[in-house]
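Since the structure comes first, as C-alpha cells, the remarks are kept for the end.
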Amino acid sequence: MNSLSVSLYTRYSRSTDKAISFQQVASRSSSYNENTFNPYHTHKFNYSAKVSYPIFRIRSKNGFDLSSNLRYEFNHDHDYRGQEIYKDDADQPATLPNMNTGYAWEYDLRNSFFTDVYDNKHTTSLDMNMYIPGLREDNTINISVYVPFNADQYKVEDTRGGQNQNKKKTFCNFTPSINLNALNYELSAGYRILAYTPSMNDLLDYTNEPTSLYRILGNPNLKTQYTHNFNLLWNHRVRERARWGGLSWEHAIINNKQTMARTINRQTGVTTSQRMNINGNWWSTGKAWFGSALDEAKHFNMSVATYYTYAHSVDFSSDNDAETPQRFTVYNHRTGGNASISYSYKERRVELSGNVAWTGLHSPAASFRKMSYTDMFYQISFNTPLFGRLDFDTDIKLNMRRGYHEASMNTTEWIWNAALSTKLGRTGQWVVRAVAFDILHNLSNVTNTIDAQGHTETWNNCVQSYASLHLIYNLKVKPTKKGIG
C-alpha cells in the first residue's frame with residue numbers, strides 16, 4: 001500500500017562578532033594610521049518541508065526488486081548580514097569605541113552595509129533502485145539512480161553607502177547521479193553532478209573598501225559552478241581472518257569554478273579582489289590499502305595504504321600589475337602512504353604508526369618557482385590499566401617538514417601527551433580524566449600550508465601546551481520489554 005510521507009523542519013540562529021584593529025599603513029610617499037572597529041551581525045532563519053510518495057515497487061520470488069519514489073522538497077532561508085565600520089586615525093586613540101552603546105569614532109557610511117538574502121529552493125526528484133540477485137549470494141547487483149531538478153529563487157535587499165539595491169535571480173540546475181554496486185557491495189562505481197550557485201552577495205554590483213589598501217568588487221555576471229565526479233571502488237574483506245584490502249579511483253572535472261581573482265596596483269599598493277569563473281580545473285586520484293591480523297589470536301595487527309593524486313589547477317595570478325587578472329596554471333603531483341603495526345592484549349595496547357606525504361608543484365610560467373616538499377609524521381602510543389579503576393595512556397609524536405623554500409617551514413617537532421583517567425560510581429558511569437598536552441612545549445602555535453597554486457600561505461593559530469581536567473558522565477538507557485512491545 002502506497003503512503004505519503006511529510007516532514008517539517010525549522011531553525012534560527014543569531015550572532016554578533018566585534019573586532020578592533022590598530023594598524024599603520026606605509027606607502028612610498030607617506031604613512032598614516034588606520035584604526036578600525038567592526039561589529040558584524042548575522043541572523044539566519046530556515047524552514048523546510050519534504051513530501052515523499054512511492055510510485056511503484058515490483059518484487060519477484062527469486063529476490064528481484066525494483067522500486068521508484070517521487071519527492072518534493074521546499075527550503076526557505078533568510079540570511080541577514082550587517083557590517084558597521086568605525087574608523088580613527090590617531091596614533092593612540094584616547095577614546096576607544098563603546099562595544100555596546102555608542103561609538104566615539106567616525107562612522108564609515110560608504111563601506112558599512114546591511115543585507116537581507118531570501119532563498120526559496122524547490123527540488124523535485126525521482127529515484128529508482130534495482131536489486132538483481134545472483135546465482136550465488138555474493139554475486140548480487142544493486143543499481144540506484146537519483147534524478148533531481150533544482151530551482152533556486154533568490155532575492156536580495158542591500159543597503160550600503162546610503163543607497164539601496166534590490167535584485168532577484170533564479171538558478172535552475174539538473175544534478176543527476178547513478179551508482180552501481182556488485183559482488184555484495186565489494187565493487188562499486190558512480191557518477192554525479194554537483195552544482196554550486198553563486199552567492200547573492202557576490203552578484204551585487206558594489207565596491208567595498210574595508211581598508212584603504214583592500215577593495216572588493218561584486219560580479220553580476222558570476223555563473224553556477226558544476227563538478228562532474230566519477231568514482232570506482234573495490235573493497236574486499238575476509239572477516240574470519242581479520243584481513244581487508246581495496247583499490248579506488250576518483251576523477252573530477254570542475255566547470256566555471258568560482259575563485260577569487262586579485263590584482264595589485266604596485267604604485268598605490270591597493271589590492272582589488274573580485275569573485276570570477278574560470279575553466280580548466282580537474283584532478284584524479286588513486287588509492288590502495290591492505291590490513292591484516294598477523295597471528296591467529298589477532299593480537300598483532302598491521303595496515304598499509306598509499307595514494308597518488310594529479311591536479312591540474314587553474315586560477316588567477318594574485319601577484320601582477322595587469323589591470324585584468326591573468327590565468328595561472330600549476331601542475332600538482334601528490335603521493336604518500338601510511339603504515340601501522342599494533343599489539344593488543346586484554347585492555348593493553350601499543351601501536352607504532354607513520355605517515356609520509358610528498359608534494360611537487362611546477363608551472364610553465366617563468367615566474368613560478370618549482371616546489372618539492374615532504375611532510376612526515378611518526379607516532380608511538382600506549383595505553384594500559386594501572387591499578388583499581390585507574391587507566392593511563394600516552395603518545396609521542398614526531399612531526400617533520402622538509403624541502404620548503406621558506407626555512408621557517410622546515411620544522412622538527414617532538415610532541416608528548418599523556419592522560420590519567422578513572423571511573424567512579426557503581427557502574428562506572430562517571431569518568432574523571434586529567435590530560436597533559438604537549439608536555440615538552442615543542443608544538444608551534446602557527447601552522448603554515450601551501451595551496452594548489454603554490455603561492456598562498458594559511459596561518460592557523462592553535463593552543464599550545466596545556467593541562468585540563470574533564471568530568472564525564474555516561475548515560476546508558478536500556479529499553480524494557482514493555483517498551484519494545
**Message:** As a quick check of understanding, evaluate side-chain contact (heavy atoms from CB on, under 4.5 Å) for N235 and E186, giving each step before the final call.
**Reply:** CA-CA 5 Å; N235 193 32; E186 284 193 357; 5.7 Å; no
**Message:** Evaluate D65 against R57 for salt bridge (Lys or Arg N to Asp or Glu O under 4.0 Å), listing each step before the verdict.
**Reply:** CA-CA 7 Å; D65 194 332; R57 185 171 187 179; 2.6 Å; yes
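- With sequence neighbours excluded, the residues forming a side chain to side chain donor-acceptor pair (under 3.5 Å) with S292 are R243, listed by chain and number.
- Each of Q326, M260, R327 was scored for a side chain to side chain contact (heavy atoms under 4.5 Å, CB included) with F316, with one residue passing: R327.
- Side-chain N/O atoms of N150 and N173 include a donor and acceptor closer than 3.5 Å.
- P364 has its side chain within reach of Y331: a pair of non-hydrogen atoms, C-beta onward, lies under 4.5 Å apart.
- Residue R275 places its CZ atom among more than 12 non-hydrogen atoms of other residues, nucleotides or ligands, all under 6.0 Å distant.
- A side-chain N or O of N46 and one of N75 form a donor-acceptor pair less than 3.5 Å apart.
- Judged by a 6.0 Å distance limit and a 45° cone about the ring axis, K298 is not positioned over the six-membered ring of F300.
- Residue W249 qualifies as enclosed at atom CH2: its count of foreign heavy atoms under 6.0 Å is above 12.
- M128 places none of its side-chain heavy atoms less than 4.5 Å from the side chain of Y146.
- In this structure, R401 satisfies the cation-pi test against Y404, with its NZ or CZ atom closer than 6.0 Å to the six-membered ring centre and inside 45 degrees of the ring normal.
- Between the side chains of T197 and T224, not a single donor N or O lies within less than 3.5 Å of an accepting N or O.
- Remark: P220 pairs with D205 by the side chain to side chain contact (heavy atoms under 4.5 Å, CB included) rule, at least two apart or across chains.
- In this structure, H228 and Y191 have parallel ring planes: the angle between them is below the 30° cut-off, well short of the 60° mark.
- No side-chain heavy atom of S342 sits less than 4.5 Å from a side-chain heavy atom of L352.
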**Request:** Apply the test side-chain contact (heavy atoms from CB on, under 4.5 Å) to residues T170 and C172: give CA-CA distance (whole Å), side-chain angles for both, the deciding distance (0.1 Å), then the verdict.
**Result:** CA-CA 7 Å; T170 299; C172 296; 4.1 Å; yes
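- Looking at heavy atoms from C-beta onward, H78 lies out of side-chain contact with V117 at the 4.5 angstrom threshold.
- Counted within 6.0 Å of CZ on R402, heavy atoms from surrounding residues, nucleotides or ligands total more than 12; the atom is thus considered enclosed.
- For the 3.5 Å distance criterion, the side chains of S363 and T329 fail to qualify, holding no donor opposite an acceptor.
- Each of F74, F171, F149 was evaluated against H122; a single residue qualifies, F74, per the ring pair (Phe, Tyr, Trp, His ring centres under 6.0 Å) test.
- A pairwise comparison of heavy atoms in Q379 and K397 identifies OE1-CE, 2.8 Å as the closest pair.
- Side chains of S60 and N62: a donor on one and an acceptor on the other come within 3.5 Å.
- A side-chain donor from one of T427 and Q429 sits under 3.5 Å from a side-chain acceptor of the other.
- Minimum heavy-atom separation, Q225 to I254: NE2-CG2, 3.8 Å.
- Classification of R433 and D393 as a salt-bridged pair holds, one side-chain N sitting under 4.0 Å from a carboxylate O.
- For W289, the CH2 atom counts as densely surrounded, since its 6.0 Å shell holds more than 12 non-hydrogen atoms of other residues, nucleotides or ligands.
- Using the six-membered ring where Trp is involved, H333 and H362 have ring planes that are parallel, under 30° apart on the 30 and 60° scheme.
- For the residue pair H299 and S344, no side-chain donor N or O sits within less than 3.5 Å of a side-chain acceptor on the partner.
- Ring orientation note: the planes of W282 and H251 are tilted relative to one another, at an angle of 30° to 60°.
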